[in-house]
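Scroll down for the structure; my scribbles are underneath it.
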Amino acid sequence: MTKFLVFYRSTMSAKEQMANMTPEMGEAAMAAWGKWFEKHGSAVVEMGSPLGDSTFIKGAAGQDHIAGYSIVEAESAEAAKKILEEHPHFEAPGASIEFLEILPQPGM
């Protein structure tokens, strides 16, 4: 099995999204994530977490934010894509999901 690092991107930071949510909206969002997790839980190595604002050493901020991350495990990138296709993150403003294969460290 291959592990993939999943980035949840949005045009609004996680802090902004949470600040604009009512408690009811937050409960509904977490229920949707819980439903997704129940469906794919065996593939979710790390549920992850929302992320704070980026700090750049070099370069500049893009127009979107990495709002959170997860780590999933699947047979292939195509299988990982199927796990993520109906993810509740797509309800976020300007949402997209990016995932990358986690490669083994050379020499380890």
Side-chain angles (χ1 to χ4, degrees):
M1 294 286 259
T2 302
K3 290 181 183 174
F4 296 89
L5 178 60
V6 180
F7 290 121
Y8 302 109
R9 294 183 172 274
S10 176
T11 54
M12 186 181 286
S13 73
K15 283 183 182 180
E16 292 170 310
Q17 290 178 51
M18 290 187 283
N20 287 313
M21 283 186 182
T22 65
E24 294 78 19
M25 291 168 68
E27 288 176 21
M30 289 312 299
W33 275 72
K35 186 176 177 182
W36 175 81
F37 182 72
E38 283 179 26
K39 184 175 180 180
H40 301 289
S42 63
V44 182
V45 175
E46 185 175 332
M47 186 69 157
S49 179
L51 296 171
D53 296 331
S54 296
T55 301
F56 290 85
I57 309 270
K58 287 188 175 185
Q63 293 189 3
D64 66 345
H65 303 268
I66 298 174
Y69 79 97
S70 294
I71 297 175
V72 299
E73 192 170 53
E75 291 289 335
S76 64
E78 189 60 34
K81 182 179 176 183
K82 288 181 191 268
I83 292 168
L84 297 164
E85 283 179 334
E86 296 179 15
H87 196 284
H89 171 70
F90 287 115
E91 297 299 317
S96 64
I97 293 178
E98 175 182 5
F99 65 97
L100 303 90
E101 181 178 346
I102 299 173
L103 301 173
Q105 289 284 348
M108 297 189 82

* To do: Quick one: closest heavy-atom pair of Leu84 and Ile97, and the distance?
  =>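 Between these two residues, the closest heavy atoms are O-CD1, 4.0 Å.
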* Minimum heavy-atom distance Glu73-Val45, with the two atoms named -> CB-CG2, 3.6 Å
Are [X] and [Y] connected, step by step, through hydrophobic side chains (Ile, Leu, Val, Met, Phe, Trp, Tyr) whose heavy atoms are closer than 4.5 Å?
{"X": "Ile66", "Y": "Leu100", "value": "yes"}
{"X": "Met18", "Y": "Phe90", "value": "no"}
{"X": "Leu51", "Y": "Met21", "value": "no"}

* Applying side-chain hydrogen bond (donor to acceptor under 3.5 Å, both in side chains), which residue pairs with at least one partner in residues 29-39 are found, sequence neighbours left out? -> none
* Asked: Can you pull the salt bridge (Lys or Arg N to Asp or Glu O under 4.0 Å) pairs that have at least one residue in residues 99-108, sequence neighbours excluded?
  -> none
* How long is the gap from CD1 on Ile71 to CD on Glu46, to the nearest 0.5 Å? ->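 Answer rounded to 0.5 Å: 4.5 Å.
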* Atom pair CD/CD1 of Glu78 and Ile83 - distance to nearest 0.5 Å ->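 Glu78 CD to Ile83 CD1: 11.0 Å, rounded to 0.5 Å.
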Residues in side-chain contact (heavy atoms from CB on, under 4.5 Å) with [X], at least two apart?
{"X": "Glu75", "result": "Met1"}
{"X": "Ala79", "result": "Ala74, Ser76"}
{"X": "Ala77", "result": "Phe4, Phe99"}

* **Residues in side-chain hydrogen bond (donor to acceptor under 3.5 Å, both in side chains) contact with Thr22, at least two apart in sequence or another chain** => Glu24
* Which residues satisfy the side-chain hydrogen bond (donor to acceptor under 3.5 Å, both in side chains) test with Glu27, sequence neighbours excluded? ->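 side-chain hydrogen bond (donor to acceptor under 3.5 Å, both in side chains) check on Glu27 returns nothing, list empty.
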Using a 3.5 Å cut-off and no angle test, enumerate the donor-acceptor pairs between side-chain atoms of residues 6-14 and protein atoms at least two apart in sequence or in another chain.
from	atom 1	to	atom 2	distance (Å)
Tyr8	OH	Ser70	OG	2.8
Tyr8	OH	His87	NE2	3.2
Arg9	NE	Glu98	OE1	2.6
Arg9	NH1	Asp64	OD1	3.3
Arg9	NH1	Asp64	OD2	3.4
Arg9	NH2	Glu98	OE1	2.9
Ser10	OG	Met12	N	3.1
Ser10	OG	Met12	O	3.2
Ser10	OG	Gln17	NE2	3.3
Ser10	OG	Pro93	O	2.6
Thr11	OG1	Pro93	O	3.2
Ser13	OG	Glu16	N	3.1
Ser13	OG	Glu16	OE1	3.2

* Give the intermediate values and the outcome of side-chain contact (heavy atoms from CB on, under 4.5 Å) for residues Lys3 and Val72. => CA-CA 6 Å; Lys3 290 181 183 174; Val72 299; over 6 Å; no
* ring pair (Phe, Tyr, Trp, His ring centres under 6.0 Å) with Tyr69: which residues, sequence neighbours excluded? ->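 So Tyr69 forms no ring pair (Phe, Tyr, Trp, His ring centres under 6.0 Å) with any residue.
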